[in-house]
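As the structure is a prediction and not an experimental result, all values here were calculated from the model. Heavy-atom basis, side chains included; hydrogens, waters and symmetry copies ignored.
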Amino acid sequence: MSSDEKQDGRPAAPRSLAEALRARDDASLAALLRARPDLVTPVPTDLTQLATRAGTRASVVRALERLDRFALQTAEALAVAGDPASYDELLGLMAGDDGDAAVAAALPHAVGTLREQALVWGGDDRLRLVRTARELLSPSPQHPSPTGLGPTVQEATAGMSPGRIQELVAAAGLASTHDAVSAAAALTALFTDRERMAKLLGQAPPEAREVLSRLVWGPPYGQVTADPAAHLRWLLDRGLLLPTAPGTVVLPREVALHLRGGRAHRETEPVPPPVEPAGPTGTRQGSPQVVDATAAGQAYTALATVEELLKDWDEGGPAVLRAGGLSVRDLKRTAVALDVSEPVAAFWVELAYAAGLLASDGEADERYAATPAHDEWRERPAADRWAELAGAWLAATRTAGLVGGRDAKDRTLAALGPGLDRSVAPEVRRRVLALLAALPAGTSPDPDSVLARLRWERPLRGPQQEDDLRSRLARWTLQEAELLGVTGRGALSSHGRALLGAPEPQAAGGTPGIPDTPGDKLPVHHRTAPAGAPAAGPVPPGPADPQARAAARAAAARLLAPLLPEPLDHVLLQADLTAVAPGPLQRPLADVLDVLADVESKGGATVYRFTPASVRRALDAGRSASDLHAFLAAHSRTPVPQPLAYLIDDVARRHGHLRVGTASAYVRCDDDAVLNEILADKRSAALRLRRLAPTVLAAQADPAALLEGLRALGYAPAAESAEGDVVITRADARRTPPRTPPEPVPEGPPVPDATLLTAAVRAIRAGDLASTAPRKTPGTPPAPGELPRTSPAETLATVQAAVLTGEALWIGYVNADGAASQRVIAPVRVEGGFVTAYDHTADEVRTYPLHRITGVAELADD
């Protein structure tokens with residue numbers, strides 16, 4: 001019989017977390033590394049190192065923060081239970097003396113979760129919480145337990161004098177003992193005996209029972225004077241309150257548990273709160289077709305808003321602040337231009353930045369402008385453009401809702417500036433949309449129920465805060481999804497569902513991946529999670545690899561495309577110098593009309609107004625009057641009004657009559673009367689003009705300022721090149737160099753893919769084989785994890801002997817980077833200072849320099 005087995009043939013209980021991990025199969029180890037990716041960076045050399053890393057404070061804190069509320073409550077109960085604790089003891093702490101069917105059904109899954117994530121190890125008869133987690137969750141004066149429980153009798157009486165403890169024993173009606181340890185044990189036995197405690201508390205004064213009721217659910221500490229009242233003295237004399245410091249008393253844990261009916265928590269939450277529909281039943285449930293149509297309308301508006309923003313910045317946008325980002329003044333101007341509030345303007349600016357459509361130009365006078373990717377994006381179909389925007393929003397860690405807030409150094413957070421990345425944002429967005437996807441199609445959620453569900457899935461450790469980051473991100477997600485057209489009337493649209501990669505809507509509520517009743521996931525009588533079971537807790541849904549994300553975007557675009565209006569190839573010209581576009585316009589028509597006219601109003605139909613300035617803008621862009629007449633006649637369903645034709649001809653007649661070039665700047669005109677008129681105009685004084693010749697004026701202003709000044713006086717000057725040609729300016733002339741969208745900031749180490757997990761598990765298994773293989777070691781064997789040490793002569797002799805006998809050896813090896821490892825090899829050949837051997841840990845033939853082998857040892861015969 002092996003020493004690792006009990007007498008009945010069953011495997012012996014693990015004595016450490018490392019042994020518990022060693023008993024797992026590869027699928028279970030891979031699930032652990034997937035749930036806690038920090039454990040795989042870098043890959044542990046063996047299972048002992050993996051167990052050590054899993055018990056470090058940083059790793060345990062990260063794992064606890066990713067538990068759902070009930071799993072965390074289970075860990076908190078284990079922290080105040082005995083070490084080790086039985087499953088029945090844990091069930092008593094969670095369900096209480098009266099029992100709770102929902103808790104009993106959900107507890108096996110919670111224990112399986114903790115065991116799968118290596119926070120708990122051992123069988124059902126000896127459950128052990130890892131030491132670091134117990135230290136974090138156990139009660140202490142500095143860090144109160146979330147359960148509200150205090151120290152045990154044994155802990156509270158540790159510094160008490162033996163005489164005082166005997167007094168407590170006698171006052172409680174117990175026989176005196178021979179030492180303090182047995183006295184504390186007698187008090188513990190009394191306080192954990194329900195009948196005897198009920199009899200003792202029945203003798204307590206009413207005021208004493210009132211004091212206990214105030215302390216029972218925590219905090220368990222209270223203040224007393226040097227001469228306490230009679231009812232307090234009664235409690236102190238019987239050990240129902242124990243002193244911890246001068247003037248401070250504590251309610252022992254055993255007493256509190258009796259008063260609570262055995263419960264570690266006032267309220268246990270074994271079942272996640274459901275996501276409820278908004279408003280009274282049925283008031284916000286519409287047909288999926290209405291939701292999709294509403295969302296599609298908003299998606300079209302989103303595209304139009306982003307295009308308008310980028311068009312406004314086509315020739316160079318606002319300046320970049322010295323610390324980075326957009327100034328408050330420029331954000332206000334952008335909000336006015338888009339006719340939205342400042343927070344919404346910040347969202348559109350950040351969305352365009354996340355999609356790679358705008359960036360800083362990197363010049364000395366750094367400004368924001370559209371990127372070359374914007375030109376490619378504009379040429380794509382509308383549904384594809386929306387899918388690219390929505391996909392960028394879903395994956396972005398930059399959070400527009402933070403704009404206007406303060407950072408840790410009390411500096412204002414600016415749009416497009418630093419400090420807006422929140423690595424948890426993509427996960428929260430996906431999770432919120434997944435909760436919406438679980439509702440019946442066409443149903444919008446109650447926002448408060450969504451927040452309650454998120455708090456259950458990721459409860460806050462420490463004092464609860466209503467305005468925590470995850471809650472704010474969830475609220476922003478609901479608002480931004482509506483702005484973007486992912487949702488319509490608060491309900492998830494069909495194209496939004498496809499973008500998320502969610503399945504078809506269910507007939508009733510529920511959340512994919514998290515059972516409504518935890519007992520449905522694991523039978524009640526199964527108290528341990530099956531090997532290789534997926535780690536519990538909310539996992540963000542949606543495709544992980546780029547190809548799957550691209551497929552999801554393509555599917556969303558296919559669903560959205562039929563819902564968007566078809567672009568039109570015509571407008572309706574009116575006699576009041578306006579043109580009405582009854583819908584979205586085709587790209588070439590829209591581009592020319594944006595230059596030729598100004599947008600006056602938007603809505604179901606866009607109204608454009610023709611002005612002398614807008615016509616001059618088209619002429620500056622290289623169009624002639626005949627071109628404009630032909631364009632309007634070709635694209636208007638109504639005859640070209642005479643006032644519009646006159647406006648074009650009048651502006652064209654005067655356009656270019658004045659020429660502005662570079663000297664410092666000059667103005668030339670063949671008609672000297674026009675120059676005389678300019679000089680006589682008092683408004684031209686700021687330009688500081690003087691005549692150089694009958695047809696030439698010189699100015700001290702630069703050409704751009706001179707052009708703007710003359711246009712403000714009502715003239716239509718044209719810019720002139722050094723060769724005397726008219727300079728044609730186009731609206732899309734200003735572009736940044738090629739820019740890549742900002743990379744999302746990951747939350748901790750990335751989740752390893754299947755290939756990395758397989759390789760990591762294999763390497764850990766191999767390293768564990770090398771470190772635990774039985775071996776013949778002369779003298780004192782090395783400590784666990786320590787490399788064998790032999791002299792070069794002994795190493796060479798042992799390796800040469802193994803070549804002849806075909807035996808395997810245990811070696812210590814240090815590679816060229818100085819990394820040490822243990823290996824099990826079967827030497828095949830030794831020559832030239834190298835040994836060629838079959839490496840059992842790597843499962844391949846390798847060659848090792850003998851001078852890098854620290855030592856060798858023969859493996860034991862068994």
With Arg53 via salt bridge (Lys or Arg N to Asp or Glu O under 4.0 Å) - residues at least two apart: none
Exercise: identify the closest heavy-atom pair between Ala77 and Leu90: CB-CD1, 3.8 Å
Ser59: partners by side chain to side chain donor-acceptor pair (under 3.5 Å), with sequence neighbours left out: Arg36, Asp38
Leu309 to Ala352 - nearest heavy-atom pair and separation: CD2-CB, 4.3 Å
For residues 337-345, tabulate all N or O donor-acceptor pairs below 3.5 Å that involve a side-chain atom, not counting sequence neighbours.
none

Sidechain-backbone polar pair: Thr477 side chain, Leu473 backbone, donor-acceptor under 3.5 Å: yes
Any donor-acceptor N/O pair, Arg422 side chain to Thr397 backbone, under 3.5 Å: no
Contacts of type salt bridge (Lys or Arg N to Asp or Glu O under 4.0 Å), residue Asp100, not counting sequence neighbours: Arg263
Pairs flagged by salt bridge (Lys or Arg N to Asp or Glu O under 4.0 Å) wherever residues 266-276 is involved - sequence neighbours left out: Arg69-Glu269
Taking every non-hydrogen atom, the tightest pair across Pro270 and Trp456: O-CZ2, 4.0 Å
Any donor-acceptor N or O pair under 3.5 Å, side chains Gln73, Thr268: no
Closest approach of Val751 to Pro37 (non-hydrogen atoms, all atoms of both residues): CA-CB, 4.2 Å
Pro426 to Ser423 - nearest heavy-atom pair and separation: CD-O, 3.4 Å
Side-chain donor/acceptor of Thr399 to backbone N/O of Leu402, under 3.5 Å: no
Nearest heavy atoms of Leu451 and Ala474, plus distance in Å: CD2-CB, 3.5 Å
Salt bridge (Lys or Arg N to Asp or Glu O under 4.0 Å) partners of Glu76, counting only residues at least two apart: none
